[in-house]
Amino acid sequence: MSPRRSRRKDPFARDGRDGRGGSGRPPSSRPVGMFVAGVDQVEEWPDGDWHVRRVTGAGADKTYRCPGCDQEIRPGLPHLVSWPAWTGGEDERRHWHTACWRHRTRRGPGRTRY
């Protein structure tokens, strides 16, 4: 008799077991609420609503300067692009490091936020 094979835990399993969720069918390939690269989403922040687009490393082919830390975002580095969700806000598009974008509201005065 061969030993029993253990199943890998599915990180997206709803019931914490093998990922079948009790319904007998496998879970979806992408959990609800996750970001998809290249698709715009609107995020609500204390400083207003923002359109946010995730950029994969393969999609980043130019060098940009992050307004949060004033450092370069080199080609091939995943990052995000954001702009205000008002009419004409597309002209205010900025490329951010993901961490800089998340922590931008904690920055002190002296830095622009976009």
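This one's a predicted model, so the numbers in the text were calculated from it and none came from an experiment.
- Screening residues 80-91 for salt bridge (Lys or Arg N to Asp or Glu O under 4.0 Å) gives no qualifying pairs among residues at least two apart or on separate chains.
- Checking W96, W50, W101 one by one against S82, the side chain to side chain donor-acceptor pair (under 3.5 Å) holds for a single residue, W96.
- Across every non-hydrogen atom of W45 and R104, the tightest pair is CG-NH2, 3.3 Å.
- Atom-to-atom distance recorded for R54:CZ and D40:CG is 11.0 Å, nearest 0.5 angstrom.
- Residues meeting the side-chain hydrogen bond (donor to acceptor under 3.5 Å, both in side chains) test with H51, sequence neighbours left out: none.
- Listed by first and then second residue, the salt bridge (Lys or Arg N to Asp or Glu O under 4.0 Å) pairs involving residues 75-84 amount to none (not counting sequence neighbours).
- Note that the CG atom of L80 and the CZ atom of R53 stand 11.0 Å from one another [nearest 0.5 Å].
- Among residues two or more places apart in sequence or in another chain, the salt bridge (charged side-chain N to carboxylate O under 4.0 Å, His left out) test is passed with R65 by E72.
- The side chain to side chain contact (heavy atoms under 4.5 Å, CB included) test applied to Q71 returns C69, H97, not counting sequence neighbours.
- Think of Y64 as one node in a network of Ile, Leu, Val, Met, Phe, Trp and Tyr side chains linked at under 4.5 Å; its network also takes in I73, L77.
- Taking both residues in full, the closest heavy atoms of G89 and P84 are given as O-CD, 3.5 Å, listed atom of the first, atom of the second, then distance.
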